Enquirer: 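Just dropping this structure here.
Treat the numbers as computed from the prediction; the structure is a model and nothing was measured. For the single chain, residues carry numbers from 1 onward in sequence order.
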Amino acid sequence: MYAGGFSDLAQGWTKNLASGAAKTPMLLFAMVFLWVTSLTSVPIHLTSAIATADTLLVVIYTLLYIVWVTIVMLLTKRIGRFQLWAFLLYPIPLIVFLSLFVISIFKKVFKLKVSWKGRQIDIGDKP
């Protein structure tokens, strides 16, 4: 789909993420925001608990991490077959997605152009 590799993917997603989010109904956006926040916060808290050697929190956040891995596995069964390591390392693509989303929002808010397929696309004026 993106013959140029990750660069093409990043440009295509940057072009569309903020515009799509702006068109999402507020209640749905809030629910997705809370879900993604939870997906993000568990690995962050687990890392923090490991760094501070808080055994109880390490156990709690490890269990929550396992819950999220299981939920993501169940949700993705309909869209494809993935290796277990892809689920265990879900924070990595999540960080990439969130980074592209922040870049997209930044470019939309400040009316900056996005380079896509050799063209400069203006995404700032669209609602």
Side-chain angles (χ1 to χ4, degrees):
M1 182 177 228
Y2 296 100
F6 181 77
S7 176
D8 280 1
L9 179 139
Q11 290 172 356
W13 282 36
T14 299
K15 178 177 71 74
N16 294 315
L17 279 172
S19 297
K23 294 177 183 177
T24 303
M26 188 54 72
L27 180 60
L28 180 58
F29 183 85
M31 291 188 308
V32 171
F33 177 82
L34 292 173
W35 181 62
V36 171
T37 300
S38 180
L39 279 169
T40 306
S41 70
V42 169
I44 290 170
H45 284 41
L46 176 58
T47 303
S48 175
I50 291 169
T52 59
D54 188 330
T55 307
L56 178 62
L57 288 180
V58 169
V59 170
I60 291 170
Y61 285 110
T62 298
L63 291 173
L64 288 171
Y65 193 84
I66 292 168
V67 167
W68 270 127
V69 166
T70 304
I71 290 170
V72 171
M73 286 174 64
L74 293 172
L75 291 174
T76 58
K77 278 188 176 188
R78 291 184 174 187
I79 62 170
R81 294 180 60 196
F82 302 94
Q83 300 292 322
L84 178 61
W85 62 265
F87 298 111
L88 294 174
L89 298 176
Y90 84 82
I92 296 170
L94 183 61
I95 289 168
V96 171
F97 171 79
L98 291 173
S99 299
L100 292 175
F101 189 61
V102 167
I103 291 168
S104 182
I105 290 171
F106 181 83
K107 288 189 174 200
K108 185 168 181 65
V109 167
F110 292 104
K111 301 183 186 320
L112 302 174
K113 294 186 184 292
V114 175
S115 176
W116 184 65
K117 292 190 176 188
R119 298 184 308 255
Q120 294 295 314
I121 309 291
D122 185 9
I123 63 169
D125 293 335
K126 297 177 185 168

Enquirer: Got a donor-acceptor contact below 3.5 angstrom from the Thr62 side chain to the Val58 backbone?
Expert: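 It does hold such a pair.
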Enquirer: According to a hydrophobic-cluster definition based on side-chain heavy atoms being under 4.5 Å apart (Ile, Leu, Val, Met, Phe, Trp, Tyr only), do Val32 and Ile105 belong together?
Expert: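 Yes; Ile105 is reachable from Val32 via cluster members.
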Enquirer: Search all heavy atoms of Lys107 against all heavy atoms of Thr14 and return the closest pair with its distance.
Expert: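 Looks like CD-CG2, 4.1 Å.
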Enquirer: To the nearest 0.5 angstrom, please state how far the CG atom of Leu98 sits from the CD1 atom of Ile103.
Expert: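 One gets 11.0 Å once the value is rounded to the nearest 0.5 Å.
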Enquirer: CZ of Phe33: more than 12 outside heavy atoms within 6.0 angstrom?
Expert: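 For Phe33, atom CZ is not crowded (no more than 12 foreign heavy atoms under 6.0 Å).
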Enquirer: Ser104 side chain to Leu100 main-chain N or O, any donor-acceptor pair under 3.5 Å?
Expert: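 A pair under 3.5 Å: no.
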Enquirer: Taking atom CG of Leu94 and atom CG of Leu89, what is their separation to the nearest 0.5 Å?
Expert: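 Reported to 0.5 Å precision, the distance equals 12.5 Å.
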Enquirer: Within the distance-only criterion (no hydrogens, no angle test), does the side chain of Tyr90 pair as donor or acceptor with the backbone N or O of Leu39 below 3.5 angstrom?
Expert: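 Yes, Tyr90 side chain to Leu39 backbone: donor-acceptor pair under 3.5 Å.
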Enquirer: When you measure from the side chain of Thr70 to the backbone N and O of Ile66, does any donor-acceptor pair fall under 3.5 Å?
Expert: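 Indeed, once roles are kept as given, a pair shorter than 3.5 Å links the two residues.
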Enquirer: Verify the cluster assignment for Leu46 and Ile92: are they in a single hydrophobic cluster under the rule of side-chain heavy atoms below 4.5 Å apart?
Expert: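 Different hydrophobic clusters.
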Enquirer: Identify the two heavy atoms, one from Val42 and one from Tyr65, that lie closest to each other, and give their separation to 0.1 Å.
Expert: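 What the structure gives for the nearest pair is CG1-N, 3.6 Å.
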Enquirer: Once rounded to the nearest 0.5 Å, what's the spacing between atom CH2 of Trp68 and atom CG of Leu88?
Expert: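 CG of Leu88 is found 15.5 Å from CH2 of Trp68.
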Enquirer: Using 30° and 60° as the class boundaries, would you call the ring planes of Phe106 and Phe110 parallel, tilted or perpendicular?
Expert: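 Taking Phe110 first and then Phe106, their aromatic rings sit tilted (interplane angle of 30° to 60°).
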Enquirer: Measuring from Ser19:OG to Lys23:NZ, what's the distance to the nearest 0.5 Å?
Expert: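 Here the rounded value is 6.5 Å.
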Enquirer: Establish whether Met31 and Leu74 are linked, either directly or via other cluster members, by ILVMFWY side-chain heavy-atom contacts under 4.5 Å.
Expert: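 Met31 does not cluster with Leu74.
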Enquirer: Do Trp85 and Leu75 belong together in a cluster built from hydrophobic side chains that touch within less than 4.5 Å?
Expert: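 Different hydrophobic clusters.
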Enquirer: What do you reckon, is CD of Gln83 surrounded by more than 12 foreign heavy atoms closer than 6.0 Å?
Expert: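 No.
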Enquirer: Where do Gln11 and Val114 come nearest, in terms of heavy atoms and distance?
Expert: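 Minimum heavy-atom contact is O-CG1, 3.7 Å.
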Enquirer: Rounded at 0.5 Å granularity, tell me how far CD1 in Ile79 sits from OG1 in Thr76.
Expert: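 One gets 5.5 Å once the value is rounded to the nearest 0.5 Å.
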Enquirer: Atom OH of Tyr61 and atom CD1 of Ile50: how far apart are they, to the nearest 0.5 Å?
Expert: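 Tyr61 atom OH to Ile50 atom CD1 measures 12.5 Å (nearest 0.5 Å).
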Enquirer: Applying the 4.5 Å side-chain criterion to the ILVMFWY set and letting contacts propagate, would Val96 and Val102 be lumped into a single cluster?
Expert: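 No; Val102 is not reachable from Val96 via cluster members.
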